[in-house]
Amino acid sequence: MPSSEISVIIVAGGQGSRFGGERPKQLALLAGRPVLTHTLAIFEAMPQIGEIVLVLPGNWLKTIKDEAVLPYNFKKVFSVPGGAIRAESTRRGFKASCGKLVLVHDGMRPLVTPNLIRAVIAAAQERGAALAAVPVRDTLKKVADGLTCQTIDRSTFWQAQTPQGFHRKILLQALANTGIETATDDSALLEPLGKNAAVVLGSARNFKITTREDLSMAEALLSAATLVRTGHGYDFHRLQLGRPLFLGCLYIPSEYGLLGHSDADVLAHALGDALLGAAGLTDLGQHFPDNDPRWVGISGTDLLAEIMAKVRTAGLELMNADLTLIGEKPKIAPYRERMSTAIAQALRVPITTINVKATTTEGLGPTSQGQALAALATATLRVNPFMNEPLYK
Ligand code: MG
């Protein structure tokens with residue numbers, strides 16, 4: 001089946017009442033990125049998947065898109081507003097999809113593996129419908145008023161997970177049935193039709209993040225298996241009377257500006273070199289040679305955006321960057337917050353990822369006499385070890 005014929009509906013329409021907090025749990029950070037972004041990245045990277053229909057709560061749709069989707073350059077993802085109940089959210093996602101095989105996956109199961117997804121696809125293709133599930137491990141008790149009243153034989157009980165996969169015609173039929181609006185998963189919609197779904201052995205790791213404790217467990221699992229790479233960068237530019245001054249992706253009113261064939265944003269250049277170094281992608285001079293007319297006058301903002309795209313193509317994401325400006329003037333305190341924000345926007349990362357500071361050189365050397373500015377930067381990137389392909393293509 002060609003990739004364009006498999007759609008996945010990522011159901012993330014819930015408000016997360018058990019999670020607490022004012023913001024939706026889809027945006028809670030896991031390894032530095034929104035939980036939902038992890039889920040999307042796994043499906044985005046699978047060549048079998050043609051499109052990803054993301055179902056979001058209507059009142060948070062724009063915020064979630066802006067923070068968890070747009071910064072990551074997904075090519076297959078588009079969003080639709082969800083409904084008040086699970087079946088309605090799936091219905092809306094289904095309407096927007098076009099695959100002959102349709103997968104449904106919970107947005108809050110970010111640790112699903114490509115292997116499990118492939119196994120569900122194969123079983124659904126063969127049997128018409130399939131789901132990931134795990135056998136119940138603990139003894140099951142029926143409890144009333146805090147007291148046990150019965151022990152249930154657990155041997156035939158399984159816990160349903162996602163992904164679940166369906167031939168389009170079968171899911172269309174199941175969703176047309178409006179008598180089962182209490183269903184909490186999609187394979188339950190088949191039961192009134194007298195149809196069964198094949199069970200594929202899921203994984204304990206593929207749990208659904210419902211509470212803060214679940215989020216901590218996911219964080220521990222990811223950090224235990226995460227590879228980290230660091231890089232550093234240094235840059236130096238002369239100051240010249242009458243040049244505009246660009247620093248940390250900001251224009252700063254000043255009599256003196258930095259000299260260079262670009263906008264000479266010394267902070268952005270040091271950070272760019274640190275990012276390329278951490279990613280093992282050589283240096284600024286290789287990617288932006290100063291004899292190439294394409295890069296004449298390039299801004300720090302555009303330069304960092306270009307570099308971050310290369311970093312993401314290599315399957316890496318920025319955990320944090322620390323920047324130091326070396327010079328007497330300008331004092332950066334009044335600009336510090338706007339600089340961090342501008343740099344974070346250029347890289348499309350959370351603002352807390354970027355720290356900017358400054359130091360002087362005790363009245364010695366060109367950086368203390370207003371002749372030049374220098375900058376240092378370090379960047380720490382992380383790799384997602386569950387992926388054999390780039391995270392963001
Ligand atoms: Mg430079």
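Every number for a ligand or one of its atoms is a count from 1 in the order of the listing.
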Tell me which N, O or S atom of His269 sits nearest to the Mg ion (ligand 1).
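Of all N, O or S atoms in His269, the Mg ion (ligand 1) lies closest to ND1.
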Do you know which N/O/S atom name in Asp235 is closest to the Mg ion (ligand 1)?
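Relative to the Mg ion (ligand 1), the closest nitrogen, oxygen or sulfur of Asp235 carries the name OD2.
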Determine whether a donor-acceptor pair (N or O, by modelled atom type, separation under 3.5 Å) exists between the side chain of His167 and the backbone of Leu101.
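No: the side chain of His167 does not pair with the backbone of Leu101.
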State, with a plain yes or no, whether a side-chain heavy atom of Ile343 is found less than 4.5 Å away from one of Leu323.
yes
Against the six-membered ring of Phe94, is Arg168 placed for a cation-pi contact (under 6.0 Å from the centre, within 45° of the normal)?
yes
Within Asp265, is some N, O or S atom less than 2.8 Å away from the Mg ion (ligand 1)?
no
Least distance between heavy atoms, Val266 atom then Phe236 atom
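Of all heavy-atom pairs spanning Val266 and Phe236, the closest is CG2-N, 3.7 Å.
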